[in-house]
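Here's the structure we're looking at; comments come further down.
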Amino acid sequence: MARPNDEVGALLQEYSDLISITGGDEFKARAYEKAARAVAGYHEDVSRLDVRKLREIPNVGKSIADKVVEYLRTGQVRVVEELRAKIPAGVREMIAIPTLGPKKAMLLYRDLGISSVDELVHAIHSERLRELKGFGPRTEENILHGIQVLQQAGGRVHLNVATEVADEIVAELSAVTGCSRCCYAGSLRRFRETVGDVDVLAAAKDPGKLMRAFSQMSTVDEVIAHGEKKTSVRTTKGLQVDLRVVPPEAWGAALQYFTGSKQHNIRTREMAVHARLKLSEYGLFDVETGDLVVSETEDEVYQRLGLPWIPPPLREDRGEIEAAQRGELPDLVSLDDIRGDLHTHTNLTDGLSTLEEMVREAARRGYSYYAVTDHAPNLYMQRMSDDKMLAQREEARRLDGKHRRMRLLHGTELNIDPDGEVDWPHDFLAGFDLCVASVHSHFTQPAREMTRRIVRACENPYVNIIGHPTARLIGRRPGVDADLDEVFRACARTGTALEINAYPDRLDLNDENILRAKHFGVKFAINSDSHSVVHLGFLRYGVGTAQRGWLTAEDVINTWPLRRLRTFLRKGR
DNA sequence: GCCGTTTTCGGCCCGACTGTTTTCAGTCG
């Protein structure tokens with residue numbers, strides 16, 4: 001099962017959406033939305049809490065606690081079911097379209113009977129929306145564009161969603177007797193930013209038992225196909241998972257084959273052909289005799305092709321074969337190299353956990369240093385003030401070194417305004433151990449202005465890291481239009497690091513931009529941007545993304561010892 | 001519906017942008 005907190009959070013969010021769509025009290029909808037976030041981000045498993053303990057979760061009161069209990073006990077909530085009966089699921093799906101919110105969705109449903117994205121496209125093309133008040137040609141355009149953006153994600157899910165499903169399935173299958181090996185492959189193993197379906201590979205002499213166990217798992221909603229070698233299912237969350245079972249002696253070749261990418265595999269098969277061999281998921285064979293050469297481990301397969309083992313995140317045919325031939329594969333940064341997280345929030349702004357909770361959890365993860373970087377005043381909605389920030393600094397100094405001797409850095413996430421200015425003057429900024437600066441608004445500036453804006457932020461002697469540099473949201477918002485090469489040059493020149501934001505709907509910078517930035521001599525910081533203790537683990541997705549960008553520990557400032565990091569943060573001041 | 005209290009009601013993130021209006025509603029961050 002997915003984490004019960006996520007499941008309950010999703011239910012509360014759905015109820016909030018349904019309240020908004022049906023024109024219910026907006027404050028009530030907001031209350032459910034806040035509760036949904038709080039539950040999803042809560043550190044304890046909600047399925048083990050009683051009503052009293054549930055009410056200790058921020059923004060969860062009696063009414064919501066009762067509904068959570070009702071859900072955990074019966075699998076549904078009466079009032080939610082009632083609203084579901086009134087509003088087709090497709091109407092709720094429509095509000096996922098950027099620029100289309102609950103009000104317009106309801107209008108479309110009530111007046112035109114539109115209850116799915118497909119019907120909506122149809123209605124626009126037959127110009128039926130023009131009958132409605134408040135809908136003009138630009139609205140039609142925006143909706144169509146929004147649908148396009150949505151569908152480019154193409155039913156792909158974020159990395160964390162797929163990883164959680166995959167980890168759980170692998171753990172369960174590994175425990176089945178007769179299963180000698182099991183892991184996930186495909187784009188997930190390569191840390192692609194979104195995943196279309198999950199490929200799980202297992203090795204066993206008798207596949208039957210594994211196939212049965214797989215189709216009977218509680219996460220499985222529907223079995224799409226099942227056979228001797230392959231079974232495909234759809235999980236309750238709508239994600240397709242394929243299980244392939246191979247004989248133990250073919251494990252390596254199969255894992256190599258199913259990990260991909262397609263382009264990488266074409267290259268490795270070509271290399272096999274040149275060596276008078278044939279590579280398939282069943283092994284590496286001698287073409288003339290048809291004899292099996294090797295297939296038991298990936299390492300052997302690559303070795304027999306004259307290559308060292310290539311880490312999956314590099315397998316995109318982006319030069320890794322050539323680098324491997326020359327013996328110049330990078331020694332990729334790994335999660336173990338990370339000494340601290342440099343961009344995190346607390347409940348002082350829009351986070352959910354207290355500073356102490358965040359610090360304790362960070363220390364438990366074994367970090368040697370950790371930065372808290374709450375939002376600055378210019379992001380008005382967070383209501384930050386000088387006094388609040390200074391009070392937090394005192395608390396941070398008090399907690400410094402108190403948990404497993406972890407050093408605590410007091411920082412902030414500044415807002416880069418349209419001119420490239422940030423929230424505070426230099427003398428106030430000088431009081432921080434480090435400053436992240438990010439774009440949070442005015443995303444549509446022309447490229448020249450946007451470039452100048454970010455470059456100016458880099459030139460600020462107190463800005464150390466540009467947070468989520470393109471501000472894209474995967475599947476929802478494209479990155480800003482800027483001359484990134486110019487930004488990379490400015491970062492290298494001024495000693496400003498670029499963030500690899502590990503939050504699964506950002507993953508910003510992405511792999512391709514990382515590769516390019518590295519050539520300019522830029523340094524990077526891999527940060528979780530956590531808003532709750534449960535987000536700290538997202539860092540692994542940032543590390544995977546950095547690996548796809550060929551980064552070594554040397555390229556990443558938060559793998560460095562604190563002394564060296566502090567020198568970098570001084571920016572030559 | 002939650003929360004905090006100058007507690008049991010009254011406020012709830014607040015400003016910008018967009019497209020449609022003709023003074024504003026809806027959406028977004």
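Note that these values count all heavy atoms, side chains included, but never hydrogens, waters or copies made by symmetry. Here is how names work: the chains are called A, B, and so on, in the same order as the sequence lines, proteins then strands, and each is numbered from 1.
- Side-chain contact of A:Ser528 with A:Tyr503: a donor-acceptor pair under 3.5 Å is absent, judged by distance alone.
- Taking atom C1' on both nucleotides, B:dG1 is separated from B:dT8 by 15 Å, rounded to a whole Å.
- If you take atom C1' in B:dC28 and the same atom in B:dC13, they sit 13 Å apart, rounded to whole Å.
- By the side-chain hydrogen bond (donor to acceptor under 3.5 Å, both in side chains) test, A:Asp433 is found to be paired with A:Arg397, residues two or more places apart in sequence or in another chain being considered.
- Listed by chain and number, the residues in a side-chain hydrogen bond (donor to acceptor under 3.5 Å, both in side chains) with A:Asp485 are A:Arg516 (sequence neighbours excluded).
- By the side-chain contact (heavy atoms from CB on, under 4.5 Å) test, A:Asn160 pairs with A:His158, A:Glu164, A:Pro504, A:Phe538, A:Tyr541, sequence neighbours left out.
- Ring geometry for A:His375 versus A:His531: interplanar angle of 30 to 60°, hence tilted.
- Contacts between residues 12-32 of chain A and DNA chain B, defined by a heavy-atom separation under 4.0 Å, are made by A:Asp25, A:Phe27, A:Lys28, A:Arg30, A:Ala31, A:Tyr32.
- For the OP1/OP2 pair of B:dG29 and a distance below 4.0 Å, the side-chain nitrogens and oxygens of A:Arg477 include at least one atom meeting the criterion.
- Residues that satisfy the side-chain hydrogen bond (donor to acceptor under 3.5 Å, both in side chains) test with A:Glu14, not counting sequence neighbours, are A:Arg84.
- For A:His122, there are no side-chain contact (heavy atoms from CB on, under 4.5 Å) partners at least two apart in sequence or on another chain.
- Within 6.0 Å of the CZ atom in A:Arg452, the count of heavy atoms belonging to other residues, nucleotides or ligands does not exceed 12.
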**Asked** For every nucleotide of nucleotides 15-25 of chain B, 5' to 3': is a protein heavy atom under 4.0 Å from its base (B), only from its sugar-phosphate (S), or from neither (-)?
**Response** -SS-SS-----
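- For the 3.5 Å distance criterion, the side chains of A:Thr494 and A:Glu459 fail to qualify, holding no donor opposite an acceptor.
- Using a 30° and 60° split on the angle between ring planes, A:Trp424 and A:Phe432 fall in the tilted class, from 30° to 60°.
- Between B:dT18 and B:dC12, the distance separating the two C1' atoms is 25 Å to the nearest Å.
- In this structure, A:Lys104 atom NZ and B:dC28 atom C1' are separated by 11 Å, rounded to whole Å.
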Mind listing the N/O atom pairs, protein and nucleotides 5-8 of chain B, below 3.5 Å?
none

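- Between the C1' atom of B:dT27 and the CE atom of A:Met106 lies a distance of 18 Å, rounded to the nearest Å.
- A 3.5 Å limit on both hydrogen-bonding distances identifies B:dC14 as the Watson-Crick or G-U partner of B:dG29.
- Partners of A:Asp427 by side-chain hydrogen bond (donor to acceptor under 3.5 Å, both in side chains), not counting sequence neighbours: none found.
- Taking atom C1' in both B:dT20 and B:dT27, one finds a spacing of 13 Å when rounded to whole Å.
- By the side-chain contact (heavy atoms from CB on, under 4.5 Å) test, A:Pro478 pairs with no residue at all, sequence neighbours left out.
- Using a 4.0 Å cutoff on non-hydrogen atoms, the parts of residues 50-60 of chain A near DNA chain B are A:Pro58, A:Asn59, A:Val60, ordered by number.
- Judged by distance alone, the side chains of A:Asp508 and A:Thr470 do bring a donor and an acceptor atom under 3.5 Å apart.
- Taking atom C1' in both B:dT21 and B:dG26, the straight-line distance is 13 Å, to the nearest Å.
- Comparing B:dG11 with B:dT5, their P atoms are spaced 16 Å from each other, to the whole Å.
- For A:Glu394, there are no side-chain contact (heavy atoms from CB on, under 4.5 Å) partners, not counting sequence neighbours.
- In this structure, the CD atom of A:Glu33 is 11 Å from the P atom of B:dC28, given to the nearest Å.
- Distance, A:Leu107 CG to B:dG26 C1': 11 Å, rounded to whole Å.
- Taking atom CG of residue A:Asp505 and atom P of nucleotide B:dG29, one finds them 11 Å apart after rounding to whole Å.
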